[in-house]
Chemist: 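Have a look at this one before I ask anything.
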Amino acid sequence: MDLAALRAQQLELASRIVREDQPITTTPSVIAGADVGFEQGGEVTRAAIVLLSYPSLELIEHQVARIATTMPYIPGFLSFREYPALLAAWDQLSQKPELLFVDGHGISHPRRLGVASHFGMLVDVPTIGVAKKRLCGKFEPLSDEPGALAPLMDKGEQLAWVWRSKQRCNPLFVSTGHRVSIDTALAWVQRCTKGYRLPEPTRWADAVASGRPAFRRWQEIPR
DNA sequence: GCGACAG
DNA sequence: ATCTTGTCGC
């Protein structure tokens with residue numbers, strides 16, 4: 001793999017990311033969550049996409065795709081490692097969502113093209129990036145109260161909101177993926193958070209992608 | 001030159 | 001991300 005070429009590709013794609021809200025924004029009735037996990041020591045990439053109804057936030061569909069891993073993890077190039085599997089899972093959906101949450105950064109990336117932005121652009125759906133760790137940029141320490149907020153700044157521009165979704169939990173990094181402003185991204189993440197650190201779409205995608213016990217229970221003991 | 005570094 | 005049980009704290 002040629003990192004210089006991938007870096008150039010990121011700059012090109014990043015220039016096409018829409019950081020503003022859509023002129024016509026209607027309330028979504030279906031919101032998706034996407035996440036990626038690995039198996040067999042990393043040789044297999046497993047992507048999961050879940051569909052939740054809104055505003056009830058109930059799981060209505062989940063798809064999992066497994067493909068041979070094509071690239072190693074290199075900070076700043078995560079999307080090239082994860083998007084092939086995500087696209088495979090996306091194609092398996094019986095219906096497409098109106099809003100998409102992706103586990104990872106959106107524009108809060110060195111070249112402004114985190115996995116949420118890259119994948120969001122590929123499927124061309126309003127997308128939000130929800131990351132659990134900082135990749136770049138700086139922010140002031142948050143107070144301990146849940147709801148504490150601080151802008152993630154880099155080179156003079158705000159790239160995300162650092163938001164403490166729950167008490168005694170590390171904050172989340174919420175950013176524009178594609179076709180959603182940073183403020184609107186935060187508003188949707190807040191509306192979809194129900195008492196846990198992660199918003200429901202990413203929480204379920206995470207559970208499905210990594211075979212969490214909570215999900216297996218729901219999966220193996222239905223009805 | 002010395003750290004930092006999504007998942 | 002993943003390897004992994006119990007355990008400390010609210």
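Letters A, B, ... are given to chains in the order of the sequence lines, protein chains preceding strands, and every chain is numbered from 1. Fair warning: this is a prediction, and the values are worked out from it, not measured in the lab. Computed from heavy atoms alone, side chains included, the values below leave out hydrogens, waters and symmetry copies.
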Chemist: Across the strands shown, which category fits Gly76(A) at heavy-atom distances under 4.0 angstrom: base, sugar-phosphate, nothing?
Modeler: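 Here Gly76(A) touches the bases of the nucleic acid.
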
Chemist: Whole-Å distance between dG7(B) P and Asp35(A) CG?
Modeler: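 Answer to the nearest Å: 9 Å.
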
Chemist: To the nearest angstrom, how far is Phe173(A) atom CZ from dA4(B) atom P?
Modeler: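 About 15 Å, once rounded to whole Å.
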
Chemist: Is the cationic atom of Arg191(A) (NZ for Lys, CZ for Arg) positioned less than 6.0 Å from the six-membered ring centroid of Tyr54(A) and within 45 degrees of its normal?
Modeler: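 Negative - Arg191(A) is either too far from the ring of Tyr54(A) or too far off its axis.
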
Chemist: Return the value, rounded to whole Å, for the distance between atom CG of Asn170(A) and atom C1' of dA6(B).
Modeler: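 Computing the Asn170(A):CG to dA6(B):C1' distance gives 14 Å.
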
Chemist: Is it the case that atom CD in Gln95(A) sees more than 12 heavy atoms from other parts of the structure closer than 6.0 Å?
Modeler: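 Atom CD in Gln95(A) is packed in, count exceeds 12.
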
Chemist: Which nucleotide in the set dA1(C), dC10(C), dA6(B) lies at the smallest distance from any side-chain heavy atom of Arg168(A)?
Modeler: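 For Arg168(A), the side-chain atoms sit closest to dC10(C).
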
Chemist: Students often get this wrong, so: under 4.0 angstrom with heavy atoms, is Gly37(A) touching a base, only sugar-phosphate, or nothing?
Modeler: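 Contact class for Gly37(A): sugar-phosphate only.
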
Chemist: Rounded off to whole Å, could you give me the CZ-to-C1' distance for the Phe77(A) and dA6(B) pair?
Modeler: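 Checked: the CZ to C1' distance equals 13 Å.
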
Chemist: Reading 5' to 3' and counting Watson-Crick or G-U wobble pairs with both distances under 3.5 Å, write the dot-bracket notation for DNA chain C, | for bases paired outside the strand.
Modeler: ..........

Chemist: Go through Phe80(A) and His118(A) one step at a time and tell me if the ring-ring contact (aromatic ring centres under 6.0 Å, His included) criterion holds.
Modeler: CA-CA 9 Å; Phe80(A) 294 102; His118(A) 195 163; 5.2 Å; yes

Chemist: What's the NE2-C1' distance between His109(A) and dA4(B), to the nearest Å?
Modeler: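 Going from His109(A) (NE2) to dA4(B) (C1'), I get 14 Å.
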
Chemist: Check this for me, if you would: do Glu39(A) and Arg46(A) make a salt bridge, where the nitrogen-to-carboxylate-oxygen distance has to be below 4.0 angstrom?
Modeler: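 Salt bridge present between Glu39(A) and Arg46(A).
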
Chemist: Take the protein atom CG of Leu3(A) and the nucleotide atom C1' of dC5(B), then report the distance between them rounded to whole Å.
Modeler: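 Computing the Leu3(A):CG to dC5(B):C1' distance gives 14 Å.
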
Chemist: Nearest whole Å is fine: how far is dT2(C) C1' from Gln40(A) CD?
Modeler: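 That distance rounds to 13 Å.
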
Chemist: Between Arg46(A) and dT2(C), is there a side-chain N or O to OP1/OP2 distance below 4.0 Å?
Modeler: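 Yes, such a contact exists.
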
Chemist: Can you give me the closest heavy-atom contact between Ala116(A) and Gly104(A), atom names plus distance?
Modeler: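 Smallest interatomic distance, heavy atoms only, reads CB-O, 4.2 Å.
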
Chemist: Is Tyr73(A) stacked on the base of dG7(B) when the test is centres under 5.5 angstrom and planes under 30 degrees?
Modeler: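 Whether judged by distance or by angle, Tyr73(A) passes, so it stacks on the base of dG7(B).
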
Chemist: Between atom CG of Leu198(A) and atom NZ of Lys132(A), what is the distance when rounded to the nearest 0.5 Å?
Modeler: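 Rounded to the nearest 0.5 Å, the CG-NZ separation comes out at 6.0 Å.
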
Chemist: Output yes when at least one side-chain N/O atom of Lys132(A) is less than 4.0 Å from OP1 or OP2 of dG7(B), else no.
Modeler: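 For dG7(B), OP1/OP2 do have a side-chain N/O of Lys132(A) under 4.0 Å.
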
Chemist: Check whether any side-chain N or O of Arg134(A) sits under 4.0 Å from OP1 or OP2 of dC5(B), and answer yes or no.
Modeler: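 For dC5(B), OP1/OP2 do have a side-chain N/O of Arg134(A) under 4.0 Å.
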
Chemist: To the nearest Å, how far apart are His118(A) NE2 and dG7(B) C1'?
Modeler: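 Value for this atom pair: 16 Å.
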
Chemist: Distance check, rounded to the nearest 0.5 Å: Glu61(A) atom CD versus Gln92(A) atom CD?
Modeler: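 One gets 9.5 Å once the value is rounded to the nearest 0.5 Å.
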
